[in-house]
Protein chains: 2
Amino acid sequence: MEELNTEQKILEAARQVFIHKGMEGARMQEIADEAGINKALLHYYYRSKDKLFEAVFSQIFTEFFGKVSIVLFSEASIKDKIILFTDTYIDTIAANPFVPQFIINEINRDPSMMKKLMEKSGFNPKKLVSLFGTQFKDSKYDIRHFIVSILGLCIFPFAARPLLQTIYFDNDSEAYDAFLIERKEYLKNMMIKFIEA
Amino acid sequence: MEELNTEQKILEAARQVFIHKGMEGARMQEIADEAGINKALLHYYYRSKDKLFEAVFSQIFTEFFGKVSIVLFSEASIKDKIILFTDTYIDTIAANPFVPQFIINEINRDPSMMKKLMEKSGFNPKKLVSLFGTQFKDSKYDIRHFIVSILGLCIFPFAARPLLQTIYFDNDSEAYDAFLIERKEYLKNMMIKFIEA
DNA sequence: GTCTATATGGCGATAGAC
DNA sequence: GTCTATCGCCATATAGAC
């Protein structure tokens, strides 16, 4: 953190606080403390909390969907792509465990953010639909069920961690970590069965 | 709403506002307006916003898990129970589409709420684990993966609706409603394959 | 029990010195 | 560019009349 200039420090600090507290729960004071600067300086670089949030959120959104999309442009076969997608997606979430829930919440709070973000991030959902579509073209169900299923299966254990850990793991954090690691294999295995079914 | 006494009106109003805005996003003024009373009267019945929230949240939590748990005590076969559970669970969420996300968020905000709530609601997670455990006792994976999968598959399409609807359904609300209806059959079908695999 | 009016505190934002 | 001091608003909470 010490090597960054002030603007970068602010962005990084805001990122941490916003991800964990959300737009409404975050406090400018806490962001300033985290960045090791004064509250007034936040307003010098970003005129308002809204502007700061917008900068942070669009960055996070773009990064997150960017990493996930890469695999879709690889040379692998369709089956391998699906496995690879699951693998990459889980890893990305594990490295940013609070991000999916954060994105979902903020979009729920203000759905109008979505459109501009999709343009900005260059994320193309048709790509994902057509990828899975060619694999399951004779299924009796809408392909999007499969896509939503993968996303939910990967995201949910992270998004609902405190609840699930308490209910099913006696609040044992290490046991839950092990569960999450095992889940990656579990899901890839599930995907294979899905594809072959 | 007109037949209720003041305390019930407050509780019902608070329920609506809290579910849609969350603890941090909710405003006492909005709750008072929704209940058709004065802001000061909220404090007369519930001394603080925290107390009011606690009352509402514990009620919602208990109701939600109560409805879902009923099926586990039925006389059906294990396979039928799993199908019935999926069926009931989807219906419960569809009738309360914002509740799961609300619960998850508030637990994330304050994980310490979980323990007392589990006692209060009488919800017994061992019941669910043992139910599925007898069915999948020779699986190479922890049974809890299956439980978490069902929950995620059911909850996610509701929790992330604005995001998913925008990305995959061109923001067509009716198309998404149809998708949700179809999903019930899709998931039951998936469960059957799961069980037989 | 229900209201109006007001106190109290916190937070985003600005002014102005350096 | 960075700080201290302060403004102004808004939300929770209370006082007190009816």
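Every chain is numbered from 1 and lettered A, B, ... according to where its sequence line falls, protein lines coming before strand lines. Heavy atoms only: backbone and side chains are in, while hydrogens, waters and symmetry mates are out.
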What residues form a side-chain hydrogen bond (donor to acceptor under 3.5 Å, both in side chains) with B:Asn189, not counting sequence neighbours?
-> none
A:Gln8 and A:Glu12: side-chain donor and acceptor closer than 3.5 Å?
-> no
Residues which pass salt bridge (Lys or Arg N to Asp or Glu O under 4.0 Å) with A:Glu54, listed by chain and number, not counting sequence neighbours = none
Heteroatom pairs (N/O) under 3.5 angstrom, protein to nucleotides 5-8 of chain C:
none

Between atom CD1 in A:Ile31 and atom P in C:dA13, what is the gap in whole Å?
-> 11 Å
Set of residues satisfying side-chain hydrogen bond (donor to acceptor under 3.5 Å, both in side chains) with respect to B:Asn38, sequence neighbours excluded | none
Any residue meeting ring-ring contact (aromatic ring centres under 6.0 Å, His included) with A:His43, in chain and number order, not counting sequence neighbours | none
Within residues 48-57 of chain A, residues whose heavy atoms come under 4.0 Å of DNA chain C = A:Ser48, A:Lys49
Residues in ring-ring contact (aromatic ring centres under 6.0 Å, His included) contact with B:Phe98, at least two apart in sequence or another chain = B:His20
B:Arg183: salt bridge (Lys or Arg N to Asp or Glu O under 4.0 Å) partners, not counting sequence neighbours = none
Can you name the side-chain hydrogen bond (donor to acceptor under 3.5 Å, both in side chains) partners of A:Lys116, sequence neighbours left out?
-> none
Counting any heavy atom closer than 4.0 Å, what does A:Ala26 reach on the DNA or RNA strands: base, sugar-phosphate only, or nothing?
-> sugar-phosphate
Residues forming a ring-ring contact (aromatic ring centres under 6.0 Å, His included) with B:Phe146, sequence neighbours excluded = B:Phe132, B:Phe136, B:Phe194
Using the heavy-atom set of chain A and a strict 4.0 Å cut-off, write down the first and last nucleotide of DNA chain D that makes it in, 5' to 3'.
-> D:dG1 to D:dT4
Would you please name every residue forming a side-chain hydrogen bond (donor to acceptor under 3.5 Å, both in side chains) with A:Glu185, sequence neighbours left out?
-> none
